[in-house]
There are 2 protein chains.
Amino acid sequence: MAEKTNGLAIGAVAAATGLSVHAIRFFEQEGLFLRDIPRNASGRRVFEQQDVDWLLLCNRLRESGMPIAGIRSFVELVRAGPGNEPDRLALLREHEARVRARIDDLHDCLDVIHAKVATYERHVADGTAAGLWSPR
Amino acid sequence: MAEKTNGLAIGAVAAATGLSVHAIRFFEQEGLFLRDIPRNASGRRVFEQQDVDWLLLCNRLRESGMPIAGIRSFVELVRAGPGNEPDRLALLREHEARVRARIDDLHDCLDVIHAKVATYERHVADGTAAGLWSPR
DNA sequence: CTAAATCCTAGAGTGGACTCTAGGTCAAGT
DNA sequence: ACTTGACCTAGAGTCCACTCTAGGATTTAG
C-alpha cells in the first residue's frame with residue numbers, strides 16, 4: 001500500500017518556503033512550477049513536497065539574482081522532458097558564472113568601502129585632529 | 001598664480017564615471033552630491049574632479065547595494081560639517097557588514113547552484129542513461 | 001553662418017518582482 | 001449555527017532607480 005502523499009495547502013507552502021501566499025500564486029501564474037499544480041474539488045491548490053523542494057531551489061536562484069525569466073527558461077526545459085539536459089546545464093553554468101562574477105564585484109566594492117572605513121577609523125581614533133583633514 | 005581648475009561639463013562627467021547624463025542630473029536632484037554643483041552663466045553645471053571622485057565612490061556604494069537613501073544620509077552628514085565623523089563611520093561600517101553578509105549569502109547560493117551543476121555534469125557526461133534518473 | 005551637438009527643466013514612463021485590494025467561496029473551530 | 005480564518009480570481013498599486021520625452025537655449029565644429 002502506497003504511503004499517502006500529504007497534499008499541502010498554499011499557506012503551508014508559504015510557511016515552509018518563506019514566500020508569501022501572494023508570491024506563490026504569482027509564481028504559478030508566471031509558470032515557475034515544474035508541473036501544473038493540481039486543485040482539489042473546491043479549486044484550491046494542492047502542493048506536494050516536491051513543489052516545496054523546487055521552490056527552495058528557486059529561492060536560491062532568485063536570491064542570487066536570476067530573473068524570473070531565467071527561471072522560466074529552466075522550467076520550460078524541464079517541462080519539455082528528457083533530452084535537453086545539456087541546455088539545462090548550460091543555463092545553470094551561466095548563472096553560476098554570473099554569481100561568481102557578482103561575488104568578485106562585491107569584493108572589489110568591499111575593498112573600496114573598507115578602505116574608507118579604515119580611513120575614518122584612523123581619523124576618529126585620532127580624536128578631533130580635524131580641520132586639517134576632511135575625509136568624505 | 002593658481003592653476004586653473006578645469007570645470008567639467010556633465011557629459012564629461014558621464015564619460016568619466018560611466019553614469020548617464022540623465023542619471024547624474026537625477027543624482028543632483030536627489031541631493032547626492034557633497035556640495036551644490038555650481039552653474040555657469042548660461043545655467044550649465046560645472047563639475048570638478050572632486051565631484052567625479054565622489055561619484056566613483058558613490059558607484060561602489062550603489063553597486064554594492066546601498067540604496068539612494070543611504071547615500072543621502074551619508075551626504076547629509078558630510079554636508080553638516082566636521083564633528084559627526086563617528087556617525088559617518090557607523091554608516092560605512094554598517095554597509096560594509098551588509099556587503100559581507102551579502103557575499104556570504106551568495107556563497108551559500110553558489111553551493112546549491114554548483115551542486116546542481118555538478119549533478120547535471122555527471123548526468124550529461126554519462127550519456128543518455130536517462131529515464132532512471134530525472135534531475136530538475 | 002549654420003547645422004549638429006550639448007545642455008537645460010519638468011515631468012512622464014519603464015521594468016522587475018512582487019504586494020495589496022475587492023469581492024467572493026469554502027472550511028474549521030466552538 | 002455561526003464566526004473566523006484560509007483560500008480563490010482579476011487586476012490595481014507600490015517601490016526603486018533610473019530612463020526617456022518634449023520643448024527650448026546655448027555651444028561648437030565646419
Side-chain angles (χ1 to χ4, degrees), chain A residues 6-33 36-48 51-52 54-75 95 98 102 105 109, chain B residues 6-33 36-48 51-52 54-75 95 98 102 105 109:
Chain A
N6 51 327
L8 296 161
I10 196 169
V13 175
T17 60
L19 290 164
S20 74
V21 166
H22 287 305
I24 295 169
R25 290 200 197 102
F26 170 74
F27 270 49
E28 192 201 34
Q29 209 175 299
E30 294 291 309
L32 300 190
F33 280 99
D36 293 340
I37 304 299
R39 305 300 183 101
N40 68 14
S42 54
R44 297 184 175 198
R45 293 169 183 82
V46 181
F47 296 88
E48 300 295 336
D51 302 311
V52 172
W54 164 245
L55 281 182
L56 291 173
L57 169 57
C58 236
N59 270 348
R60 295 308 194 150
L61 294 174
R62 289 185 321 115
E63 271 170 49
S64 56
M66 183 180 282
I68 294 285
I71 298 177
R72 187 163 36 226
S73 301
F74 185 77
V75 169
H95 184 60
R98 271 193 305 269
R102 177 66 181 143
D105 189 30
C109 291
Chain B
N6 51 328
L8 296 161
I10 196 168
V13 175
T17 59
L19 289 163
S20 74
V21 166
H22 286 305
I24 295 169
R25 291 200 197 101
F26 169 76
F27 270 49
E28 191 200 34
Q29 210 174 299
E30 293 291 308
L32 300 190
F33 279 99
D36 292 340
I37 304 301
R39 306 298 184 102
N40 69 13
S42 53
R44 295 182 176 201
R45 293 169 184 83
V46 181
F47 297 89
E48 299 296 336
D51 302 311
V52 172
W54 164 246
L55 281 181
L56 291 173
L57 169 57
C58 236
N59 270 347
R60 294 307 193 152
L61 294 174
R62 289 185 321 115
E63 271 171 47
S64 56
M66 182 179 282
I68 295 285
I71 298 176
R72 187 162 38 227
S73 300
F74 185 78
V75 168
H95 183 60
R98 270 194 304 271
R102 177 66 180 141
D105 189 28
C109 291

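Keep in mind that this is a model prediction, so the values were computed, not measured. Order of the sequence lines sets the chain letters (A, B, ...), proteins ahead of strands, with each chain counted from 1.
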For [X] and [N], give me the distance from atom [atom1] to atom [atom2], rounded to whole Å.
X     : N      : atom1 : atom2 : result
A:H22 : D:dC8  : NE2   : C1'   : 11 Å
A:I37 : D:dC7  : CD1   : C1'   : 15 Å
B:E30 : C:dA10 : CD    : C1'   : 14 Å
A:L19 : C:dT19 : CG    : C1'   : 13 Å
A:M66 : C:dA17 : CE    : C1'   : 16 Å
B:I24 : D:dT19 : CD1   : P     : 11 Å
A:F26 : D:dT14 : CZ    : P     : 17 Å
B:R25 : C:dT6  : CZ    : P     : 12 Å

Task: Residues B:R62 and B:E30 bridged, charged N to O under 4.0 Å - done: no

Among [options], which is the nearest nucleotide to the side chain of [X]?
X     : options                : answer
A:V21 : D:dC7, D:dT19, C:dA17  : D:dC7
B:R45 : C:dT9, D:dC8, C:dA17   : C:dT9
B:R62 : D:dC18, C:dC18, D:dC7  : D:dC18
A:I68 : D:dC18, C:dC18, C:dA27 : C:dC18
A:R39 : D:dC8, C:dT19, D:dT19  : D:dC8

Task: DNA chain D: 5'-proximal contact among B:G65 and B:N40 (nearest heavy atom) - done: B:G65

TODO: Identify the heavy atoms of A:F27 and A:C58 that sit nearest to each other, and give their distance.
DONE: CE2-SG, 4.3 Å

Task: Shortest non-hydrogen contact between A:A14 and A:S20, atoms and distance - done: CB-C, 4.3 Å

Open item on the list: Quick check: do A:T17 and A:W54 have side-chain heavy atoms less than 4.5 Å from each other?
Closed with: no

Open item on the list: For a 4.5 angstrom cut-off between non-hydrogen side-chain atoms, does A:L32 reach A:R72?
Closed with: yes

- [ ] Record whether the side chain of B:R44 comes under 3.5 Å of the base of C:dT6 through a donor-acceptor pair of N or O atoms.
- [x] yes

Task: B:Q29 or B:I10, whichever maps to the more 5' nucleotide of DNA chain C - done: B:I10

